[in-house]
Number of protein chains: 2
Amino acid sequence: MKKVTIRTVANRAGVSPATVSRVLNDPLKVGADTRRKVQQAMAELDFQPSAIARGLSMQHMDTIGLLVPGINGLFFNELYQGIDEVAGEHGMKVLLFDAQLDHHRALDGFTFLKQHHVAGIIFTSGSITDDYQAMIDRLGIPVVLALTHSRMRPLSAFRTDDVKAAFDATAYLMARGHNRIAMVSGPPENEVAGATRLQGYRQALTRYGAEYVEELVDFGDFHFHEGYRAMERILARVGKEGFTAVFAASDEMALGAIRCLAEHGLRVPEDVSVMGYDNLYVAEMVTPGLTTVAQPFQHIGRLAVECLLQAIAAGQTETCGGIHLLPHQIIERGTVKALSQ
Amino acid sequence: MKKVTIRTVANRAGVSPATVSRVLNDPLKVGADTRRKVQQAMAELDFQPSAIARGLSMQHMDTIGLLVPGINGLFFNELYQGIDEVAGEHGMKVLLFDAQLDHHRALDGFTFLKQHHVAGIIFTSGSITDDYQAMIDRLGIPVVLALTHSRMRPLSAFRTDDVKAAFDATAYLMARGHNRIAMVSGPPENEVAGATRLQGYRQALTRYGAEYVEELVDFGDFHFHEGYRAMERILARVGKEGFTAVFAASDEMALGAIRCLAEHGLRVPEDVSVMGYDNLYVAEMVTPGLTTVAQPFQHIGRLAVECLLQAIAAGQTETCGGIHLLPHQIIERGTVKALSQ
DNA sequence: CTGTTAGCGCATTCAT
DNA sequence: ATGAATGCGCTAACAG
């Protein structure tokens with residue numbers, strides 16, 4: 001089974017390569033019967049036009065790049081779904097690059113995508129450090145941020161208002177009678193999902209007249225195990241009676257905290273209420289369902305693509321600009337109990 | 001900022017394009033100082049060689065295609081990780097195509113990947129129906145199956161022995177004193193993960209002297225919600241006392257079943273034991289941890305790539321062949337209780 | 001060791 | 001409406 005090109009088809013159909021190209025891209029521009037001949041020849045030869053050659057010739061591959069820090073984050077799936085969908089609707093494919101949690105590899109991701117002629121890039125999560133920014137500047141193609149932002153350049157960013165969301169979550173707890181609320185925060189040096197959510201928690205506390213007590217907060221890397229550890233440390237410091245609720249900066253950590261509480265004989269929500277953050281699929285799948293604040297991942301993905309596509313169409317490297325704060329939402333499930341007293 | 005090609009660099013460095021190409025692909029084949037000149041020129045111009053043009057010229061893109069039925073399956077992440085890793089180790093990139101649960105789109109996936117010159121394809125999950133097989137035959141590039149198999153052609157397949165795994169899971173339950181075990185199965189028409197697991201369950205039952213009772217089994221689509229529904233139907237038929245344990249054909253459905261049980265006042269594992277299948281991340285994150293049978297997703301991914309790469313290197317479209325059954329493993333956590341009587 | 005030439009497969013002017 | 005020629009950016013022979 002040899003290589004069949006546009007040329008082989010042309011010979012078979014007794015026409016020129018150009019004509020074959022035409023029926024491929026604009027069938028109406030060619031005579032009805034020659035068109036049929038060509039189409040038949042293509043079918044008989046099982047011709048597959050080379051997207052590579054086409055790309056070289058046309059100078060664009062109709063793809064957008066998606067740069068993620070690591071596909072192990074459970075949020076990836078939900079984000080990707082939105083992205084792939086609208087990209088498809090606009091005739092674009094998405095080229096995925098996984099940085100595997102390696103900063104350097106993430107940098108490589110940009111050049112990889114560039115070398116593959118993506119029309120634009122969606123950068124996901126992870127703070128935009130200086131080197132990223134420098135890379136992006138030299139790139140010459142539009143870049144939009146999803147679930148993160150850059151404080152230097154006016155890169156378009158799509159995310160939620162993390163401090164307000166954390167504020168609301170904490171307020172939600174307080175409105176139900178909790179005033180000693182522990183927090184399992186993300187790393188404070190993480191500006192996008194660490195410091196912000198901690199800040200929101202703190203603001204709500206003081207706003208509604210509760211005291212911020214340092215012993216009640218600890219930190220983790222957003223994953224299950226560290227959520228467990230952080231909860232353990234808090235418990236060690238303040239004991240089982242030290243708090244009536246805990247707010248975690250991610251669903252995974254919330255689940256880790258719940259496990260830890262269970263092992264210490266504390267039931268959720270009877271003895272302590274727990275709130276998560278993200279509203280991943282798993283939040284619904286656990287029993288009792290995890291009360292959490294939802295980020296509209298899918299919607300964020302969609303908007304990011306649309307913004308990117310717009311910049312691409314407009315033809316320039318600058319995107320629609322600005323930080324777009326999408327609405328979060330508190331999803332009430334079963335891990336929060338109102339204090340009856 | 002204009003387009004900088006291999007030619008621009010050549011001019012800037014005062015050499016021929018061919019020389020630039022050489023420092024790109026085999027730096028040692030060029031004089032030390034000219035090489036430096038070229039490298040400097042490349043740096044100054046921020047030259048990014050076009051992977052597309054290179055691909056066209058070399059007739060291969062150094063990528064393998066990954067065809068998944070839908071990225072919403074939580075197992076995707078774990079599989080992808082193994083695949084991307086070893087692909088990278090061999091200098092290959094993986095091109096992802098998501099069929100979005102659409103049979104027709106999955107077919108398109110093959111031609112898409114083919115048109116993008118992938119060296120081979122890993123097809124994931126979903127039964128290999130006739131049209132798939134026909135497509136694969138015409139493709140002219142090696143294809144390996146992960147988490148599924150084909151009963152017609154000797155396509156290489158990497159998966160677990162589902163009937164034995166289900167057998168073992170059921171036996172595990174019986175060894176702990178359970179003999180009225182409900183099953184939340186996958187669709188019986190699904191040959192790879194539906195009928196097989198149900199069969200294993202049934203075999204264990206009769207093998208160890210328990211009766212197969214039809215009222216105790218119901219079906220779902222492997223996802224949470226249907227697991228819930230199936231459990232609900234079983235409960236409606238046999239009542240709360242009808243069984244002491246339930247075996248689900250997926251972790252998601254196990255979690256759905258647990259939710260249903262909880263809503264009927266049944267505690268896990270005190271009142272009824274539950275076993276899942278897959279050992280997704282979530283199995284560890286719920287409390288109590290879900291006892292389940294683990295599929296070595298990551299390992300399967302790695303092997304699939306290696307098999308594919310081998311066929312590619314060998315230069316032909318036939319892969320190492322045969323169905324490779326990888327060992328499963330029962331992961332004991334907290335949802336199964338031994339009956340003490 | 002380096003420059004020249006000639007494609008890779010397709011799209012796109014121009015002619016006809 | 002269709003064919004011939006040219007170029008996309010790069011690699012690979014073959015010279016020198």
Side-chain angles (χ1 to χ4, degrees), chain A residues 1-39 41-42 45-63 91 111-112 114-119 140, chain B residues 2-39 41-42 45-63 91 111-112 114-119 140-141:
Chain A
M1 194 198 279
K2 287 205 56 179
K3 191 164 311 172
V4 33
T5 80
I6 208 175
R7 195 161 192 132
T8 354
V9 177
N11 291 341
R12 183 79 131 91
V15 300
S16 86
T19 301
V20 178
S21 175
R22 287 192 187 97
V23 335
L24 232 39
N25 302 299
D26 199 348
L28 306 175
K29 285 295 172 194
V30 64
D33 50 340
T34 39
R35 184 194 327 152
R36 247 190 307 283
K37 277 196 307 184
V38 171
Q39 285 167 334
M42 299 201 306
L45 295 169
D46 190 31
F47 170 58
Q48 302 288 15
S50 162
I52 304 307
R54 175 190 166 92
L56 215 219
S57 185
M58 303 236 295
Q59 294 288 32
H60 65 281
M61 289 293 283
D62 293 333
T63 64
T111 90
F112 171 85
K114 166 79 169 185
Q115 293 182 354
H116 281 256
H117 293 204
V118 299
Chain B
K2 287 206 55 180
K3 191 165 310 171
V4 32
T5 80
I6 208 176
R7 198 165 190 126
T8 350
V9 177
N11 291 341
R12 184 79 131 88
V15 300
S16 87
T19 301
V20 177
S21 175
R22 288 192 186 94
V23 336
L24 232 39
N25 300 299
D26 200 349
L28 306 175
K29 285 294 174 195
V30 64
D33 49 339
T34 39
R35 185 194 327 152
R36 248 190 308 281
K37 277 195 310 185
V38 172
Q39 285 168 335
M42 299 199 308
L45 294 170
D46 190 32
F47 171 59
Q48 303 287 14
S50 162
I52 304 306
R54 176 191 164 91
L56 215 218
S57 184
M58 305 234 296
Q59 293 290 20
H60 64 279
M61 290 293 283
D62 293 334
T63 64
T111 90
F112 171 85
K114 166 77 169 186
Q115 292 181 353
H116 281 257
H117 294 205
V118 299
I141 54 178

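In the text below, chain A, chain B and the rest are named by the order of the sequence lines, each starting its count at 1. These values consider heavy atoms only, across backbone and side chains, with no hydrogens, waters or symmetry-generated copies.
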field: Option from A:N25, A:V15, A:V30, A:N11 for which side-chain contact (heavy atoms from CB on, under 4.5 Å) with A:V20 holds
entry: A:V15

- prompt: Using a cut-off of less than 4.0 Å, is there contact between a side-chain N or O of A:Q59 and OP1 or OP2 of D:dG9?
  reply: yes

field: Upstream residue (5' side of DNA chain C) when A:R22 and A:I6 are each assigned their closest nucleotide
entry: A:I6

statement: Which of C:dC14, C:dT2, D:dG9 is nearest the side chain of B:S50? It is D:dG9

- prompt: Base, sugar-phosphate alone, or nothing: which one does A:P17 contact when heavy atoms must sit under 4.0 Å apart?
  reply: nothing

- request: Measure from CD1 on B:I52 to P on C:dA11 and round the result to the nearest Å.
  value: 14 Å

field: Whole-Å gap separating P (C:dA11) and CZ (A:R7)
entry: 14 Å

- prompt: For D:dT2, does either OP1 or OP2 sit under 4.0 Å from a side-chain N or O belonging to A:T34?
  reply: yes

query: Are B:H117 and B:T63 linked by a side-chain donor-acceptor pair shorter than 3.5 Å?
result: no

- prompt: When rounded to the nearest 0.5 angstrom, what distance separates NE2 in A:H60 from CZ in A:R54?
  reply: 6.5 Å

- prompt: Within less than 4.0 Å of OP1 or OP2 of C:dC10, is there a side-chain N or O belonging to A:S21?
  reply: no

field: Euclidean distance, atom CZ of residue B:R54 to atom C1' of C:dG7 [Å, nearest integer]
entry: 17 Å

query: Separation of A:M58 atom CE from C:dC8 atom P, in whole Å?
result: 21 Å

task: Report which part of the nucleic acid B:V20 touches: base, sugar-phosphate, or nothing (heavy-atom distance under 4.0 Å, all strands).
output: nothing

message: With rounding to the nearest 0.5 angstrom, report the OG1 to CZ distance, B:T19 to B:R35.
response: 12.5 Å

Residue A:S57, side-chain heavy atoms: nucleotide from C:dA11, D:dG3, D:dT2 that is nearest: C:dA11

- prompt: Between A:S16 and D:dG3, is there a side-chain N or O to OP1/OP2 distance below 4.0 Å?
  reply: yes

4.5 Å side-chain heavy-atom contact, A:V4 and A:D46: no

query: Between D:dA12 atom P and B:L24 atom CG, what is the distance in whole Å?
result: 11 Å

query: Could you state the CG-P distance from A:D26 to C:dC10, rounded to the nearest angstrom?
result: 18 Å

- request: Specify the separation, in whole Å, of atom CG of A:L56 and atom P of C:dC10.
  value: 12 Å

query: Taking atom C1' of C:dC10 as reference, at what distance in whole Å does atom NZ of A:K3 sit?
result: 14 Å

